[in-house]
Each structure stands twice: as structure tokens, then as C-alpha cells.
There are 2 protein chains.
Amino acid sequence: MSLLKPHIEKLLGSTLSDFEGIERFFQPISLRKKENLLVEGKVCKANYFVEHGCLRMFFVNEKGVEQTTQFALEHWWLADYASFSSQSPSGFYIQAVEPTRVLSLSYEAQEKLLHEHPQMERYFRLVHQRAHAAAQFRIRWLYGHSKEENYYQFVQRYPEFVQRIPQYLLASFLGFTPEYLSQLRARNIS
Amino acid sequence: MSLLKPHIEKLLGSTLSDFEGIERFFQPISLRKKENLLVEGKVCKANYFVEHGCLRMFFVNEKGVEQTTQFALEHWWLADYASFSSQSPSGFYIQAVEPTRVLSLSYEAQEKLLHEHPQMERYFRLVHQRAHAAAQFRIRWLYGHSKEENYYQFVQRYPEFVQRIPQYLLASFLGFTPEYLSQLRARNIS
DNA sequence: CGGATCGTTGATCAACTTCAACGGTCGTGG
DNA sequence: CCACGACCGTTGAAGTTGATCAACGATCCG
């Protein structure tokens, strides 16, 4: 419970007097590597705040290959928001990349939290606005460059993260095959 | 001013008694075809709600080609939220695809609106949550299929919209060249 | 030790781009 | 109202990018 309070305070720009009243809506969950928080076909019952570790969101395409669409590190919220909002079945998986600790805010808990603490509407408005901005940036990035350029830019921008995850996940996230990633790496060990 | 009130009421699930108090923060703007609301290098000063017509967001890549990343039709909000949130220069353009009428909510006006009408925090939280969900869906869609499949699915899903916009914009949005789109069409007039 | 998982390498192949050229249409100025 | 130019869509040839498939080596973990 060490990261959430400062995160809320940072976004709201004020110190929280009643964090206990907010905290009680969250449930901590510890995940082992490769453990799932959500599987395809199930409803995304909660919104997850990463306290420690790393989550990824992926789907399985028609060829049976996992396609990673998103990672979430410390401080980030993750859920399938289409599924979460309407409490309908999801087409995604959410899985721990490494041992991970999250705070889970269930759909019902979030409703009650927002009702009892209306200032949290503002917090989540800002969280989603930021995520929306990040998505716009991401889409631009996907359009703007070849896959090779994408790779180099990503490595340059997030070198520590590239160290942290296996290569096949990086390839999956960048939208190409592990074989192609190997070729890029081979070319560049110059 | 006909679309905004029902949209707010729909998301908040209640009727608005004081719409006049909200309305006054918005400024209507009429745009001719190809007129710009935002150009690269300028700050995205407002958040735009489309009343009638169609906007597109695009950037110019290093080859000088316009890449369309987003369209906004009636009921949709559009802004470069990274630029808007921090009032810093944008890397995007926002342009009218056809004669378009928007309601503009400037950054300062939005701040005041949210301060005076805190229930609007909930409204914008829901707007951004939906947009975030749409972005997740969009990213999945970009990853999931070849460009050819993307084209067919898009035409099937939004046939009326495909009629409405020129082909070179559709190609730009789908992430390929107008020439390739021509080939796809030629193949498929079967 | 043995099997599964991960990364690598190379050959072949399909998807898509690029470039160049052409025809139609639309709108604007004369 | 016509003519011209700009813009848009089309076609085809050649070139690139990245996928696929198959085989192999290394490493990790039981």
C-alpha cells in the first residue's frame, strides 16, 4: 500500500486526510510469474493498480499466437475497460510477466468508492485522460515508423525495460516475430 | 447545441437541471472543409465536441506524408490530450474533413467548469474511460490482422463512413498507400 | 541427466511500397 | 459557360520489408 496514496495525491494535487476510507475498497493480490488476472471469455471484474512487478495484456490471434498489446509497470492501472465498463466478457488476457503485486478495485467497489468519495472521480478522470493521451501517442508511434525503427526507438527509450522482459514478449509487443528480432539484433551488434 | 445535453445526460444517467450553467463554458465553432483546429507546434488549447460533420487528427511523418490517426464524428470528443493536459506544443494537426460544427471547451473553461460543476468530473471520467476502451480495441485491431483484412473489416463495419470520406484518407487511416487500396478494391469488385 | 523453452540462422515466400504514367472529375478564373 | 489545372483514383512493374518454416545450440529447471 505504499504507491497508491502518493499517486492519488500527486494527481489531485492535495494530501489525503482520509486514505483509510479509500484504502478499504482495494484488495491486494500477489501473483506468481505467468499467473493470470483475466482470461479470454471471462468478465474483467476489476481495475488493477500495479504496486510492484509487471503485467501484460494480450490476446490470442486466429493462428493461436499471443499478441501483447500493453504492459503495465509500477504506478499504472490496467484493465480491459470495454469489458470492465459493461461487465461483459473480455477478449483479452492479463498476466503477470514477473512476480507482481497489484491492488484490485472490483467493479462494485469502484462504484461505491466513487459514490462515497466523489473526489476520486477527478482522480480517475485524470488517470484515464493520461491513458488516453498515452494511447494517442502509441497509435502515432505504431503508424509512424517501420518495425525496425520501432525496435531501435523502443530500445533507446526503455533500455532498462528491454533488459527486464524476455525477447519473445518484446517481439510480440512490437508486432513482429522473434526471428525477425533476432535478425535485427544480429545486424546491430556492430 | 442539440447533441451535448443528451450526451451528458446519457452518461450521467440523469437529466440536467442546469444546462445553461454548463453551456456557457462552450464556444461554438464552424469550420469549412480542410480548415484546421490545431496545427503542429501549437498548443492544443481546447477540447472539441463534434456537433455535426467530421474531424480528423493526423501528423506529418518524416517523408512529409500525412498519417491520419483518428476520426471524430458526431458525439465524439477530440483533442491531443498530451498537449491539452500540459498545455504544451502538439505534434498533431486537427482538421475538418467536411463542413463541421464543434463545441470548443478551452483549457481554462474546462478547469472552471469542473470546479463549478463537479458532476462534470464524472462525465469526463466516463468520456475518457470510453475513449481508453476504444483505444485498447483499436490497438488490438491494428495488431490482429494484415492490412488487407483491416480494410475488409473496416468496410464491413463502417460502410456508410467509407462512402463519406475520400479514399486517400481511408488509406492513410488504415496505414497503407492509396495505390494499394486501389488494388484491393480492384480485386474485390467481383 | 533429459526435456522444454528460448534465441539464432538461413532460405524461401507473400504482403506491401515505390515509382511512373495515365484518365477522369471537379472547381475556379477567364 | 468553357477551358485549364489541380487533385484523385487507377494500373502495372520492380523492389523491400518482414513472415514463415525448418533446423540447431544454449540454457534453465526439474
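Each chain gets a letter, A, B and so on, in the order the sequences are listed, and its residues count up from 1. When reading the values below, keep in mind they use all heavy atoms of this one structure, side chains included, and skip hydrogens, waters and symmetry mates.
One side chain, B:H132 or A:H128, offers a donor N or O that lies under 3.5 Å from an acceptor on the other.
Here the side chain of A:Q167 is nearest to one of C:dT8, D:dA13, D:dG9, namely C:dT8. With D:dA19, C:dT18, D:dT11 as the choices, the nucleotide that has an atom nearest any side-chain atom of B:A186 turns out to be D:dT11. Side-chain proximity of A:K63 to D:dT20, C:dT17, D:dG18: nearest is D:dT20. Here D:dT10 is the nucleotide among D:dT10, C:dT18, C:dA11 with the atom lying nearest to any side-chain atom of B:R185. Out of D:dT10, C:dG7, C:dC16, the shortest distance to the side chain of B:E179 is found at D:dT10. Of the candidate nucleotides C:dT8, D:dT10, D:dA19, C:dT8 has the atom lying nearest to any side-chain atom of A:S182.
Looking at B:H7, B:E9, B:H117 one by one, the single match for side-chain hydrogen bond (donor to acceptor under 3.5 Å, both in side chains) with B:Y123 turns out to be B:H7.
Each of B:K34 and B:Y180 has a nearest nucleotide on DNA chain D; the 5'-most of these lies closest to B:K34.
Ring geometry, A:W141 versus A:F154: the interplanar angle falls from 30° to 60°, so the pair is classed tilted. Ring geometry for B:Y107 versus B:F84: interplanar angle over 60°, hence perpendicular rather than tilted (30 to 60°).
Nucleotide D:dG18 holds its P atom 8 Å from the CZ atom of A:R187, rounded to whole Å. As a whole-Å value, the separation of B:L181 CG from C:dC16 C1' is 13 Å. Distance CG (A:L184) to P (C:dT8): 11 Å, rounded to an integer number of Å. When the C1' atom of C:dA14 is taken as reference, atom CD of B:E149 falls 13 Å away, rounded to whole Å. In this entry the distance linking CG of B:N150 with P of C:dC16 reads 9 Å, nearest Å. Whole-Å rounding puts the B:E148 CD to C:dT17 P distance at 12 Å. As a whole-Å value, the separation of A:H145 NE2 from D:dT17 P is 16 Å. Put simply, OH on A:Y168 is 17 Å from C1' on C:dT8, counting in whole angstrom units.
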### Query
Given the rule in the side chain to side chain contact (heavy atoms under 4.5 Å, CB included) test, do B:I139 and A:R138 qualify, once you have shown the distances and angles that lead to the verdict?
CA-CA 9 Å; B:I139 288 172; A:R138 171 89 180 283; 3.8 Å; yes
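When the side-chain nitrogen and oxygen atoms of A:T177 are compared with OP1 and OP2 of D:dA19, one or more of them lie within a distance under 4.0 Å.
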